[in-house]
Structure formats: C-alpha cells, structure tokens
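Note that the coordinates shown come from a computational prediction; the quantities given were computed from them, not determined experimentally. Numbered from 1 within each chain, the chains take letters A, B, ... in sequence-line order.
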Protein chains: 2
Amino acid sequence: MAKQVKIKDIAEKAGVSRGTVDRILHNRGNVSESSRKAVESVLAENNYRFNIHTSAVSLKKGFRLVISTPEAAPGEYWDTVGKGISHALDEYSDISIECTYVYYNQFDIFSCRKAFDTVADSHADAVIIGATFASETKILCGLLDKAGIPYAFIDSVIEKTNPVATYSSDQNACGRMIGRLLDLFTPEGAELAIFSSRRIGNERANNSMRRMAGMKEYFRDTGSCRTIKESKLSVLDPEESKRDVIEFMEKNPKVKGIAVLNSRGYIVSDALAGVSGNDISIVSFDLTVNNSRCIKNGTISAVICQRPEMQGFHAVKAIIRTLLYNPVEKNIRHLMPVDIIIRENIDDYKEIFTE
Amino acid sequence: MAKQVKIKDIAEKAGVSRGTVDRILHNRGNVSESSRKAVESVLAENNYRFNIHTSAVSLKKGFRLVISTPEAAPGEYWDTVGKGISHALDEYSDISIECTYVYYNQFDIFSCRKAFDTVADSHADAVIIGATFASETKILCGLLDKAGIPYAFIDSVIEKTNPVATYSSDQNACGRMIGRLLDLFTPEGAELAIFSSRRIGNERANNSMRRMAGMKEYFRDTGSCRTIKESKLSVLDPEESKRDVIEFMEKNPKVKGIAVLNSRGYIVSDALAGVSGNDISIVSFDLTVNNSRCIKNGTISAVICQRPEMQGFHAVKAIIRTLLYNPVEKNIRHLMPVDIIIRENIDDYKEIFTE
DNA sequence: CGTATTTTTGTGCACGTACACGAGAATTGG
DNA sequence: CCAATTCTCGTGTACGTGCACAAAAATACG
C-alpha cells in the first residue's frame, strides 16, 4: 500500500510552502496564478487525500448546523430521521458542531415560511432540509446559495436548487411495489382502493402522487385488470378519517386491498378493527410505532420503508464532508433502498443500522 | 453542549500526570494501586471519551488485520461482504491497516484447516472470520483468545467463542419469511419444494438447517396445510444440479413453489428455463449477480438478503474500535435486517449503503 | 546504611492539518 | 521614483493523544 501523500509533500514538489497549498486546497484566495498552477498540476498527478483525523483535530471553529424538517412526532417518520441525524452527530462528536432544529408543520405553509425565515437568519454554516413545500424551499435555497451556505435534502428532491446532496427514494418504484404487494395479498379479481392525503396546499403530496402513478403503472404494465377506487384521508383529524374509512368500506364491500400512500395505514387499520369478518389487506408506508404495532398484530400486511435513519445519517455526513473539505460533492441524488417489512422480518429492523 | 473532558483534565483532577492516566486507560500496567484508584474514581464521574481523531493521529503502529472467509467468487455472497470490508478500510484509510485475506473452500474442511493454520501463525493484531466449520473455528478462536487477539464473526454465530462482535441474521426468521413468500406467490393448495445443499461435511449447512426449520415453523403456525417436498442440490457441479432439478420436477408436477435455501436459486431457475408452461415461483437467498439477473427477468420471484456489505463493514468497524480503545465491546450479537428483494425494488439495492 | 534493581511517574515529541501573523513582493498613486 | 497599499507567501503554533525515555520513588540485597 503506497504511503499517503501529505500537504508537505505537495508543497515540496510544487516548490511552494505548506500555507500556499493549504490556501489552494481550501480555496481561500490570495494565491498567485503561477503558484496555483504549479500546485494544481502536482495535485493532479498525486491524488492527495485529506487526512480526516488531523483535519478534524486542527479545526478550531465549531460549526453551526441548522436542521429544518416537519415536526417530529415521537415514533413517526421525521423522528426516525432525527435518530439518524443524532447518530451521525454522535459519530462526529469530536468535531464541535452546534446543532439547531427548526421544525414546521408540514400541513401549514405559513409555519413553513416562518421556519425558513428563521433558518435564513440563523447564520448557519450548513443546513439540512426536510422539504415539503417546493416553492418555499426554492426561496430558502436561493438565499443559502447566495450566502454560500451548503445544504442537503432529506426525503424529497426539489428541482432548481443546488444541494450538496439529496437523500430520497424512488417514489414511483414505491408505488409499483405497493401495487405488486396488494396484487399478492388479495385474491384475484378483488377490488382495490387507494387512500391518500387530502391535500391542504401541501406539495409534499408530490411524493404521494408519484406513488399513485407508480401503482397504476404496475397494474397497467402487468395487464391485471383490477378495479381501483380512490379516496382521501384527512391528515389532521384521525376520528374524521376513521369515519371516512368505514363509510367508504360500507359503500365498497368488494374492496379487499387498500394502499395507504402515506404513513397513516394504522388509522385505516384501527378503523376496520371493529368490522366483522375483516379480510382486508392493508399496505402502507413508513415503519412508525403505530404501523409497527399493526404489522405485528397482522392488521397491516406490509409496510414500505425508505430507511429514514439512513437518510438523516448520510445527509449529516455529506454536510460535514463538505464543511471539512469544501466542494467534495455537488447535487448528488442518492436513492435509498426501499424495504418491504412484514411480520416475519420486522423484528430485525429495530436495531438502527445507519451505515 | 458540555465541553469534552480531556486526558489532561482527568490527570489534573486525579493529581497525577497524563502518562499515568494513559497507562490506565490502555491498561498497560506499571501503575500503583493508589494512582489507579484515584484515576478510576475521577473517570467514573466524568465520562471521558477518547477523541477518535487524535487517537488515530498519534497512533504510530500500523495494524495487521487478517480476514478469513470462504472464497469470494465475483458477484457472490462473500464478494459482497468483501466490498463492505473494503469500504470500511477506506473509511479508515488514515489509520495504517495492513490487511491480509486468507480464503478457504467452504466445502472442503481441509482447506479450512490449512487456512486457519495460516491465520493462527500470522501474528495478526485482529482477525475477522467468516465461519462455516464450527469445530475448526472453535480451535482457531481458542488460539486467538490465548494470544489476546480480538476477532469478529461474519454471517454465522459460533458458540463457545469470545468474539468482539458477531454480525449475522436470524436464520429462523429467514426461513419463516421464505415460507410466507411462497405462500403468497403460489396458488392455494399448490405443492412446495425445498432445495438445500447436499452437505459435504459442511457445517454451514447450519444456516440452511435453521432456515428449513423456520420455514416449516411458518407453515405449522399458520396451519396452512401444504405438501412440502425436499430435495438436495449439488453445490459443486451446476450441470448435475440442473439435471437433478429437472428430474425432480418431472416427478413432482404439482410443485408450484420452490424454496432454495442457499444462493443457488439461479441454478434452479436456469434449469427450469427450458421447461414449457413454467408457472413455478422460486424464492432464494442472497443478491448475487446471477440471482439479480433472474429477479429482473422474472424467473425468480424474490430473494432474501442479509446485507452482506453491511456485515463486513460493521465487523471491520467493531474491530478497529477495539484496537483503538481496548475492550469497548465484547461478544455483542448484531442481527442484521433481512431484506426482501423483488423486481420492483431491486434497482435501489445496487448502490452500496454500508452504514 | 549504601548501592543495585525494579517499579512508578512525569515530560517531551510526533502525528498532519488549520489558521494567524508577519515578512516580503508586487502594485498603485502621486 | 518613492511611499503607501495590496497581494502573496512562509513559518510557527495549537489541537489531544500515544508512546518513548528519563527521572524519581520504592524496594531489594549485601
């Protein structure tokens, strides 16, 4: 194994001092064109790599990291994302990172605006965004771009922005999966239903819509002729949702499989708990505590899961890499694997393996 | 966020020097009883944590890591484990680790003995073992224990050993899953078959046997009365296997679902490729390149996967933590999540997310 | 008690990088 | 052409730990 090239080596080969190489590596400016060329050519043929340990050791300044996501109700999606974030911060506990959370209500665009204003004014060194409202996010990112503050996205891709990295899943594939699963879980010819969020100006419905498209795509491509009904769930009032579900099922007794395109599968499950002779298969999203309970007692057949902890974890790592070593990466879209969780494998998804 | 306690702080509080604290932390001996007590009490109430970066920086001595697993055919299980290992070594590229691979033939106990002799004589600082032969492994571990060399297991748990950590999956759960999946994939009442390795004194069949037990457990617990036939596959000669498969299916035309309890699902799939009117569902293990191909062309319905890269990755990390900080962990069994991979989600399992 | 030996303890240096500071070179303006 | 200013560059120090080495203390032995 060849010995690592160090800054001193680069400096010597280029006939300059350590300081100059350092300035170039971190493009701090104040370097003459001739030195820059000399160093860059040496750099080009020597594949220098920062030593993460010594970098971290010498780093005096602490970083201010701001994380803005929808409110993280315990055991729900964003809470799990947060666990991945904490885990990453823990892994980098030797770098001093001051972390601020700015939550907003994902169904209230005004709360989002307020939160993003706070973020913009926070003088952060880096930002991680769990985006739902596309237009608000674009505005925030414009400000961050102007200020040269790096940011990363979790859970959704927002077009026309310049994040360091984006961690999300292929929602269309998720939709196709939910189609496939319901196809398996229900008897041939049974009717199916799709429950999605009743949107309240919430553009995260974006994800929901992609999922819906994917699901329909699945049934179109496989040519299996299923009747698919659609209905909406209130995201705010669980009781209202339950009534909606029961009413819907009374009207549509032939429906034997339900795709819940958000994480509210447990609400549907709970609503149907009282119904006698329940032979309805439910597939939903996200391994929340409630969904986990329903998987275990068999009232939800499967849950599709997008590795939220891993998304949070890697977003932090990407941000820290950027903070330490400048423009290492730029706008890379990472698609997380999409896991199928059923009663038989749920237990081993408990331990958090972020990496 | 409270400021980290440093060795110097501990030393001052205990009224000794940095060197003494250092000796205690790394139990290098040569410390008086009084100093030890003083330091340990300070340590107890101050929750000191090593700074991984400075530790790594000051570490002069390079480590010799020996990794012994079954031969890693490209694209197969152990090859993927190896990718996780490389990934981890890459992540720790700033610590000088000299890594030696000692492969053995997992169907040849003599080759295993020879390999383990090499390992025992290698004067390694740490060892990672992909164990298949239980008794040989136990002997090797005895030697390592005596020499005070830490080791970790990948893929299987070997009783009566003292590894730093074990990374594996719940094989019984895997079996139950394969049962559930075949239950879903095949029409009610269809016969099923289990194909496992024809054992050649190979105790890794251990995993296979657990899977078999789990599968039977599933059908017993659900009370679904299925006829399940059993057959063996030669692990060495693919052509022989194919003939076996074809012969078996001719004799058992009612079998509509096949559980392949090792990673050779693609062989069964290929064998049945020529058979007309093929409506047989195959479920197998491990996302090897061959199985991946069959998933994509639809000849294998699902593959059950145990995150091999992650196992390799975490095994290395655990070992390195131990090398840096002595007895951080001891004999922790980590159960990896068990993923279900079907045509709809296979694409996103390609990018390696080890963490 | 004095010297030799062993045990215990303290100190200094290296690791590779980030960054501050000041010296020297280049440029500008009169 | 000289002074003032700006730009460029090199050097020194700190970061916290591991480890080597020497000093000091304790113990052994004649």
J.: May I ask you to decide if Lys83(B)'s main-chain N or O and His87(B)'s side chain share a donor-acceptor pair within less than 3.5 Å?
T.: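 Checking the backbone N and O of Lys83(B) against the side chain of His87(B), no donor-acceptor pair under 3.5 Å is found.
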J.: When the distance from NZ of Lys6(A) to C1' of dT17(C) is rounded to whole Å, what number comes out?
T.: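 Rounding to the nearest Å, NZ of Lys6(A) and C1' of dT17(C) are 12 Å apart.
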J.: Taking only heavy atoms on the protein side, list every residue of residues 9-23 of chain B lying under 4.0 Å from any atom of DNA chain C, sorted numerically.
T.: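 By residue number: Val16(B), Ser17(B), Arg18(B), Gly19(B), Thr20(B), Arg23(B).
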J.: Under the side-chain hydrogen bond (donor to acceptor under 3.5 Å, both in side chains) test against Tyr151(B), which residue among Thr161(B), Thr137(B), Asp145(B) passes?
T.: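 Exactly one pass, corresponding to Asp145(B).
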J.: Between Ser32(B) and dT9(C), does any side-chain N or O lie under 4.0 Å from OP1 or OP2?
T.: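 Checking Ser32(B) against dT9(C): at least one side-chain N or O falls below 4.0 Å of OP1 or OP2.
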J.: Using whole Å, report how far CD of Gln4(A) lies from C1' of dT17(C).
T.: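 Taking CD of Gln4(A) and C1' of dT17(C), I get 14 Å after rounding.
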J.: Compare side-chain N and O positions of Thr54(A) against OP1 and OP2 of dA18(C) and report whether any pair is under 4.0 Å apart.
T.: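 The answer is no; no side-chain N or O of Thr54(A) sits under 4.0 Å from OP1 or OP2.
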J.: With a 4.0 Å heavy-atom cut-off, tell me which residues in residues 38-50 of chain B come close to DNA chain D, sorted by residue number.
T.: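 Those residues whose heavy atoms fall under 4.0 Å from DNA chain D, taken from residues 38-50 of chain B in numerical order, are Tyr48(B), Phe50(B).
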J.: Are the side chain of Asp94(A) and the backbone N or O of Ile52(B) linked by a donor-acceptor pair below 3.5 Å?
T.: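 At least one qualifying donor-acceptor pair exists.
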J.: Going through the distances and angles, do Asp155(A) and Tyr167(A) end up as a side-chain hydrogen bond (donor to acceptor under 3.5 Å, both in side chains)?
T.: CA-CA 6 Å; Asp155(A) 186 57; Tyr167(A) 292 89; over 6 Å; no
J.: With a 4.0 Å cut-off, would you call Glu45(B) and Lys13(B) a salt bridge?
T.: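 No, this pair does not count.
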J.: Does Ser32(A) have any side-chain contact (heavy atoms from CB on, under 4.5 Å) partners at least two apart in sequence or in another chain, and if so, which?
T.: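 By the side-chain contact (heavy atoms from CB on, under 4.5 Å) rule, Ser32(A) matches Ser34(A), Ser35(A).
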J.: Taking NZ from Lys8(A) and C1' from dA18(C), how many angstroms apart are they, rounded to a whole number?
T.: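 Rounded to the whole Å, the gap is 17 Å.
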J.: To the nearest angstrom, how far is Arg28(B) atom CZ from dT8(C) atom P?
T.: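 Rounded to the whole Å, the gap is 16 Å.
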J.: Please set out all donor-acceptor pairs under 3.5 angstrom arising from side-chain atoms of residues 119-126 of chain A, sequence neighbours excluded.
T.:
{"residue": "Ser122(A)", "atom": "OG", "partner": "Val119(A)", "partner atom": "O", "Å": "2.6"}
{"residue": "Asp125(A)", "atom": "OD2", "partner": "Arg64(A)", "partner atom": "N", "Å": "2.7"}

J.: Under a 4.0 Å threshold between the charged nitrogen and the carboxylate oxygen, would Asp90(B) count as salt-bridged to Arg49(A)?
T.: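 Salt bridge present between Arg49(A) and Asp90(B).
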J.: Take Tyr104(B) and Thr132(B) through the test side-chain hydrogen bond (donor to acceptor under 3.5 Å, both in side chains) and record every step on the way to the result.
T.: CA-CA 10 Å; Tyr104(B) 62 91; Thr132(B) 58; 3.1 Å; yes
J.: Salt bridge (Lys or Arg N to Asp or Glu O under 4.0 Å) with Glu12(A): which residues, sequence neighbours excluded?
T.: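 For Glu12(A) there are no salt bridge (Lys or Arg N to Asp or Glu O under 4.0 Å) partners, ignoring immediate neighbours.
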J.: Nearest-Å distance, CD1 (Ile24(B)) to P (dG10(C))?
T.: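 From Ile24(B) CD1 to dG10(C) P: 10 Å.
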J.: Tell me every residue that passes salt bridge (Lys or Arg N to Asp or Glu O under 4.0 Å) with Asp22(A), counting only those two or more places apart in sequence or in another chain.
T.: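 Asp22(A) satisfies salt bridge (Lys or Arg N to Asp or Glu O under 4.0 Å) with Arg28(A) only.
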J.: Remember a base hit wins even if backbone is also touched, and classify Val57(A) as base, sugar-phosphate or nothing at under 4.0 Å, heavy atoms.
T.: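 Since a base atom lies under 4.0 Å of Val57(A), the category is base.
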J.: Using whole Å, report how far CG of Asn30(A) lies from C1' of dA26(C).
T.: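 So the CG-C1' distance, Asn30(A) to dA26(C), works out to 13 Å.
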J.: When you check the phosphate oxygens OP1 and OP2 of dA18(C), does a side-chain N or O of His26(A) lie under 4.0 Å from one of them?
T.: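 Looking at the OP1 and OP2 atoms of dA18(C), one of them is under 4.0 Å from a side-chain N or O of His26(A).
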J.: Tell me, please, which residues at least two apart from Val39(A) pass side-chain contact (heavy atoms from CB on, under 4.5 Å).
T.: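 Val39(A) satisfies side-chain contact (heavy atoms from CB on, under 4.5 Å) with Ile10(A), Ala14(A), Val16(A), Val21(A), Ile24(A), Leu43(A) only.
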J.: Name all residues meeting the side-chain contact (heavy atoms from CB on, under 4.5 Å) criterion together with Glu159(B); count only those two or more places apart in sequence or in a different chain, and write none if there are none.
T.: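 side-chain contact (heavy atoms from CB on, under 4.5 Å) check on Glu159(B) returns Val157(B), Arg333(B).
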J.: Sequence neighbours excluded, which residues qualify as side-chain contact (heavy atoms from CB on, under 4.5 Å) partners of Ser55(B)?
T.: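 In terms of side-chain contact (heavy atoms from CB on, under 4.5 Å), with neighbours along the sequence ignored, Ser55(B) is linked to Phe50(B), Tyr325(B).
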J.: Should the heavy atoms of other residues, nucleotides or ligands under 6.0 Å from NZ of Lys37(B) be counted, would the total exceed 12?
T.: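 At most 12 heavy atoms, drawn from other residues, nucleotides or ligands, come within 6.0 Å of this atom.
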J.: At a heavy-atom distance below 4.0 Å, which nucleotide of DNA chain D is the first touched by chain A, and which is the last?
T.: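 Endpoints of the contacted stretch of DNA chain D: dT8(D) to dC15(D).
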J.: Is there side-chain contact between Ile154(B) and Ile128(B), with at least one heavy-atom pair below 4.5 Å?
T.: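 Yes - at least one pair of side-chain heavy atoms lies under 4.5 Å apart.
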J.: Atom pairs, N/O to N/O, protein against nucleotides 22-25 of chain C, distance under 3.5 Å?
T.:
none

J.: Mapping Ile7(A) and Gly29(B) onto DNA chain C by nearest heavy atom, which one lands closer to the 5' end?
T.: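 Upstream on the strand: Gly29(B).
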J.: Compute the angle between the rotation axes at the two ends of the helix from dC1(C)-dG30(D) to dG30(C)-dC1(D), each taken over five pairs, rounded to 10 degrees.
T.: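 Computed angle between terminal axes is 40°.
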J.: Of Ala56(B) and Glu33(A), whose closest DNA chain D nucleotide lies nearer the 5' terminus?
T.: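 The 5'-side residue here is Glu33(A).
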J.: Report the distance from atom CG of Leu335(A) to atom CD of Gln311(A), rounding to the nearest 0.5 Å.
T.: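 It is 9.5 Å, given to the nearest 0.5 Å.
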